[in-house]
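First the structure, in the form of C-alpha cells, and then the observations on it.
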Amino acid sequence: MGPLLRTVELFYDVLSPYSWLGFEVLCRYQNIWNISLQLRPSLIGGIMRDSGSLSAMRFLTAVSLEHPEMLEKVSRELWMRVWSRDEDITQPQSILAAAEKAGMSAEQAQGLLEKISTPKVKNQLKETTEAACRYGAFGLPITVAHVDGQTHMIFGSDRMELLAYLLGEKWMGPVPPAVNARL
C-alpha cells in the first residue's frame, strides 16, 4: 500500500502577488509530494476589507463550480494580467479576455460571467472566505494542510519549506527539477 494522499488547501486571491507565488509552487509540487491540492478562491477583501478583485474572484468561483479543470489556467492568466502586464481584472471584458487566453471558449466564459452575481456564486465565495477566516486567516495566501488527522494553517508563500516538513517531503526550491525540465 502506497503513502496516503494528503489534502492541502490553498486559499488565494489573484489580487495578492504572494498568493500567486504560493499557487505556482504548490501547483508544481502537487504530484511530487503526492498531495491533493484544493484551490480555494477567496476574497481578500472579506479578510482585509479593502479589495478590487470581487468580480474576478466571483468569476473564479464560478469556474471552480462549473469548470474546475480550468481553474488553474484562468487563475494564472488573471495574475498575469494584473501583476505581469499591469492590465485590468475588474471589468467584464478584462475577465473575458483572461478566460479566453487561458483556453476557455468565449461562450463558456460569457456564460460564467453572467453567473457571478447569482446567489450560488456569491454564497460559495462568501463560504470559502469564511472558511479561511475560521482557519485563522489574517491575509492571503494561507495554505491548510490536513496531515495525520491534524490541521495546520500556514500563512504566506515563503513557508513552503515548513509545509514540506509537515508533509514529510523534501523541499527543492520554488522550481523543482521535474518542473524545471519542462520549462
Side-chain angles (χ1 to χ4, degrees), residues 5 7-28 30-31 35-146 153 155 157:
L5 188 66
T7 300
V8 173
E9 299 174 84
L10 176 67
F11 292 82
Y12 67 94
D13 186 324
V14 295
L15 195 61
S16 165
Y18 303 105
S19 287
W20 189 12
L21 295 171
F23 171 88
E24 293 296 348
V25 168
L26 288 175
C27 286
R28 292 171 187 160
Q30 64 185 324
N31 294 323
I35 58 173
S36 172
L37 178 59
Q38 295 181 358
L39 300 176
R40 305 284 308 267
S42 307
L43 183 63
I44 198 169
I47 295 168
M48 301 190 70
R49 304 287 178 223
D50 185 24
S51 173
S53 65
L54 180 61
S55 295
M57 297 317 295
R58 282 185 181 168
F59 186 79
L60 288 176
T61 298
V63 171
S64 139
L65 289 169
E66 298 200 15
H67 298 284
E69 73 283 0
M70 294 296 300
L71 187 56
E72 182 178 333
K73 288 181 179 179
V74 177
S75 296
R76 185 174 289 112
E77 184 53 36
L78 285 166
W79 265 307
M80 291 297 292
R81 286 185 69 82
V82 71
W83 293 109
S84 191
R85 298 188 303 265
D86 195 28
E87 296 173 345
D88 178 70
I89 63 164
T90 62
Q91 298 301 311
Q93 65 274 15
S94 301
I95 294 170
L96 291 173
E100 289 176 39
K101 186 159 184 168
M104 189 173 280
S105 74
E107 295 77 24
Q108 270 184 329
Q110 184 61 46
L112 292 173
L113 189 63
E114 291 170 4
K115 294 180 180 183
I116 68 172
S117 293
T118 64
K120 180 179 180 179
V121 169
K122 286 177 167 181
N123 288 336
Q124 181 62 51
L125 180 58
K126 182 179 178 186
E127 287 171 19
T128 302
T129 302
E130 288 171 351
C133 289
R134 282 192 301 276
Y135 282 122
F138 50 87
L140 292 175
I142 67 163
T143 303
V144 179
H146 305 274
M153 189 274 285
F155 172 73
S157 59

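When a residue number appears, it is its place in the shown sequence, counting from 1.
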Those residues at least two apart in sequence (or on a different chain) that pass ring-ring contact (aromatic ring centres under 6.0 Å, His included) with Phe23 are Tyr12, Trp79

side-chain contact (heavy atoms from CB on, under 4.5 Å) filter on Val82, not counting sequence neighbours, yields Ile89

Glu130 meets the side-chain hydrogen bond (donor to acceptor under 3.5 Å, both in side chains) criterion, sequence neighbours left out, with none

**Study point:** Heavy-atom side-chain proximity of His67 to Gln108 below 4.5 angstrom
**Key:** yes

Distance alone, cut at 3.5 Å: any donor-acceptor contact between the side chains of Ser53 and Asp13?
yes

Rounded to the nearest 0.5 angstrom, the CE-OG1 distance for Met57 and Thr128 is 9.0 Å

With sequence neighbours left out, the residues meeting side-chain contact (heavy atoms from CB on, under 4.5 Å) with Thr61 are Pro41, Leu65, Val121, Gln124, Leu125

Thr7 side chain near Gln38 side chain, heavy-atom distance below 4.5 Å:
yes

Across all chains, not counting sequence neighbours, the side-chain hydrogen bond (donor to acceptor under 3.5 Å, both in side chains) partners of Glu127 are none

The complete set of ring-ring contact (aromatic ring centres under 6.0 Å, His included) pairs with one or both residues in residues 99-135, sequence neighbours excluded, reads Phe11-Tyr135

With sequence neighbours left out, the residues meeting salt bridge (Lys or Arg N to Asp or Glu O under 4.0 Å) with Arg76 are Glu24, Glu72

So do Glu66 and Leu112 actually touch side chain to side chain, heavy atoms under 4.5 Å? yes

Tell me, do Gln93 and Asp88 make a side-chain contact under 4.5 Å, heavy atoms counted?
-> no

Sequence neighbours excluded, the answer for side-chain hydrogen bond (donor to acceptor under 3.5 Å, both in side chains) partners of Ser84 is none

(Q) Just so I know, are the side chains of Ile116 and Lys122 near enough to count as touching, which here means a heavy-atom distance under 4.5 Å? (A) no

Taken in chain and number order and not counting sequence neighbours, the residues that satisfy salt bridge (Lys or Arg N to Asp or Glu O under 4.0 Å) with Arg134 are none

On a heavy-atom basis, the closest approach of Gly136 and Met153 is O-CE, 3.6 Å

Sorted by chain and residue number, the salt bridge (Lys or Arg N to Asp or Glu O under 4.0 Å) partners of Glu87 (sequence neighbours excluded) come out as Arg81, Arg85

Sorted by chain and residue number, the side-chain hydrogen bond (donor to acceptor under 3.5 Å, both in side chains) partners of Lys73 (sequence neighbours excluded) come out as none

The complete set of ring-ring contact (aromatic ring centres under 6.0 Å, His included) pairs with one or both residues in residues 100-130, sequence neighbours excluded, reads none

- Item | Under 3.5 Å donor-acceptor, Ser42 side chain and Arg40 backbone | yes

